[in-house]
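Single-structure report; data block below.
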Amino acid sequence: MKIIDVESFVLHVPITPPITDAINVATHWGLAGVRIFTDEGIIGCGYTGTTAFGDEMIAKTIDQYYREVLIGKDPFMVKEIWDELRFGKMHWIGRAGVTHMALAAVDIALWDIMAKVAKQPLWKYLGGHKPKKIKAYNTNGGWLNWSKDRLLKDVTEIVEQGFSGVKMKVGKPNPKEDYDRVKAVRKAIGDDITLMIDVNQMWSINTAMTWGKKLEEFDLFWLEEPLNPDDILNHKKLANELNVPIALGEHVYTKYAFRDYIHQGAVEYVQVDVTRVAGITEWLQVAGLAAAYDLPVCPHVGDMGQIHQHLVASTQNATMLEYIPWIRHIFVEPIQVDNGYYVLPEMPGASTDILPGYFKKYRVK
Ligand SMILES: [Mg+2]
């Protein structure tokens, strides 16, 4: 089998209403992606996720630098291709960021092709582990720009829909307001629901130490991205001092950075994101690394779950998956959650194929 064409795309899918966390305002979810065409008629589709900024640079990397390497290659040689792209012309300016996320899109498209050839959903192609029970937790009711009333209404509805896990954003200018919101949410959802809070990197080490301790009383399942994601040392301090586990990974690019976090005990829930770590090839290595330290993997869904459902379903130490339904309507086989659990896809591939109508409607490149 040979690759005969490679075509990048950028889609901007509206988020209604727009949301904020402590550092992002998002009006659209961006899919910077690629379709890889083979001589046997099988087409692979892969993408990385953005807040709809900079994705044209990801597409340009694919078209201008990766395409020429891919044409004529056997898509089953995915690991050789990964090395060649990573250590090729873009290595000088790459290793993280734009070029790395472009590699994620390509790598995912190649795994999609392989699973399609095998006529298996990716989670079975990778070796299935949990066919029926992927616990979902819902992030889509806890945004920072929600009023307290809306926040309480949304988290209550999420629990009524059958979710047993809820995540909410914190990182208000005055942490006292965060404290009041977390307190109100815990009261609204009761003691049996798993509650996570996400700072999106906004706190200093001193704020995190003080308010992380105060918030312990609400039985938090984890404290997510409290600090700058490059600051392993201070995350380690927090992990040692707080009784709430530290979760992070959505802004960590490589297995080497994960190794340092994990080996130093600076992370307790590994949120490795396939759209950030240059695809499935590197994701599997990070998950294996976490397994050797007995750490759970709970991916952040830069892909909004389409690909990660396969990865969690085939990974022994992956325990739970985030749910945000912003872009599910655009896919041929969208993610599906029933009573708080992901229902796994059965179609061959990585669940990345996009309906032609939406591909056209949301395409900006
Ligand atoms: Mg997060």
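As the structure lists them, so they are numbered: ligands from 1, and atoms in each ligand from 1.
In this structure, H12 and H28 have tilted ring planes: the angle between them lies in the 30° to 60° band. Ring pair F9/F359 is perpendicular by interplanar angle, where above 60° counts as perpendicular and below 30° as parallel. Between H329 and Y358, the ring-plane angle classifies as perpendicular under the 30° and 60° cut-offs. Between W82 and H100, the ring planes lie perpendicular to each other; the angle is over 60°, past the 30° to 60° tilted range.
By the criterion of a separation under 2.8 Å, the protein N/O/S atoms near the Mg ion (ligand 1) amount to D198 OD2, E224 OE2, E250 OE1.
Taking 4.5 Å as the limit, some side-chain heavy atom of V13 sits within range of a side-chain heavy atom of I330. Taking 4.5 Å as the limit, some side-chain heavy atom of K213 sits within range of a side-chain heavy atom of L242.
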